[in-house]
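Have a look at the structure below, then the notes.
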Amino acid sequence: MIVLVKVNEVGWKAAAYEDVTKIMKDVGILPLSSFIPDHPSLEFITSQEQWHTGLETDPWLWRDRLPGDGIAAYGRFFAKKPLLISAELFPIVKNLLDEPYSVEERYADGELPKSAVELFQAVEENEGIDVKELRSKIGMKAKESKNEFDRALIELQSKTDIVIAGISERLNANGTKNGWNSTCYMTAEHWMELHGIKANTLPTPEAKSQLRALLQDRFSPAAGVYLSKVFKL
């Protein structure tokens with residue numbers, strides 16, 4: 001059962017990780033930046049001084065810790081923008097965004113480029129793979145391949161084929177941190193299984209009805225209208 005608090009009036013502030021875990025469960029959908037009308041975002045509920053400090057209070061680190069702890073799925077699920085969706089809400093979102101056909105079948109039908117299929121297969125075979133190794137495995141390390149690689153990543157996230165699973169630290173030969181952390185990916189099904197999250201298997205009309213009722217009861221009117229368009233309710 002999905003239980004969220006009313007989010008018409010947003011007055012939350014997150015000074016610590018424990019704060020954002022509670023807010024995440026309350027709001028259900030938490031974009032990193034404010035693009036959903038009349039709806040909170042991670043930047044909105046935190047102060048500018050918290051960001052990019054590398055401390056435990058840094059929201060930039062929270063965005064990777066939340067999926068790692070199974071609190072929220074993380075990815076560019078719609079609008080090509082990064083957002084977090086609570087573990088309670090993600091199954092119904094996946095139900096509605098997911099394609100009924102496999103990645104390979106969609107490629108055969110001309111709906112996906114070959115790069116997206118190769119990318120998905122590499123993630124599926126190496127759950128939790130970091131982005132540098134992923135580009136290497138599918139032969140897209142070259143600078144001129146980056147745009148194609150990024151498009152494939154976004155396409156697969158928008159259909160909830162894959163999610164951002166957290167980060168891996170870049171270490172040198174001595175095991176000392178060296179350089180920026182790398183984003184890691186895994187299949188959405190594996191992430192859910194890893195954290196004991198059950199799939200929503202309702203038929204599409206029933207799933208849409210469930211989400212429509214939730215939006216009406218729990219989200220602001222403006223956010224509800226926006227998300228209704230996203231999910232074609």
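- Using a distance-only test at 3.5 Å, with no hydrogens or angles considered, no donor-acceptor pair links the side chain of Glu43 to the main chain of Ser33.
- Of the N and O atoms on the side chains of Asn95 and Gln210, not one donor lies less than 3.5 Å from an acceptor on the other residue.
- Of the possible polar contacts, one joining the Arg63 side chain to the Trp60 backbone as a donor-acceptor pair under 3.5 Å is found.
- Judged purely by atom type and a 3.5 angstrom limit, Ser220 uses its side chain to pair as donor or acceptor with the backbone of Asp38.
- With hydrogens and angles ignored, the 3.5 Å screen pairs a side-chain donor or acceptor of Glu127 with a backbone N or O of Thr187.
- Note that the CG atom of Leu211 and the NZ atom of Lys232 stand 14.0 Å from one another [nearest 0.5 Å].
- Here the side chain of Gln50 pairs a donor or acceptor atom with the backbone of Ser47 at under 3.5 angstrom.
- The aromatic rings of Phe90 and Phe77 sit tilted, their planes meeting at an angle between 30° and 60°.
- Separating the CG atom in Asp98 from the CD atom in Glu189 is a distance of 7.5 Å, to the nearest 0.5 Å.
- Taking CG of Leu32 as the start and NZ of Lys81 as the end, the distance is 11.0 Å to the nearest 0.5 Å.
- A donor-acceptor pair is defined here as one N or O able to donate and one able to accept, closer than 3.5 Å; such a pair exists between the side chain of Trp191 and the backbone of Pro67.
- The line from NZ of Lys80 to CG of Asp150 is 11.0 Å long, rounded to the nearest 0.5 Å.
- Counting only distance, with no hydrogens or angles, the side chain of Gln157 and the backbone of Leu153 share a donor-acceptor pair below 3.5 Å.
- Judged by distance alone, with hydrogens and angles left aside, the side-chain atoms of His39 form a donor-acceptor pair with the main-chain N or O of Ile29 at under 3.5 Å.
- The residue from Leu89, Asp161, Thr160 that alone fulfils the side-chain contact (heavy atoms from CB on, under 4.5 Å) condition with Lys94 is Thr160.
- Side chain of Asp58 to main chain of Thr53: a donor-acceptor pair is present (N/O by atom type, distance under 3.5 Å, no hydrogens or angles).
- The aromatic rings of Phe78 and Tyr226 lie tilted to each other, with the angle between the two planes from 30° to 60°.
- For Glu105 (side chain) and Ser102 (main-chain N/O), a donor-acceptor pair under 3.5 Å exists by modelled atom type.
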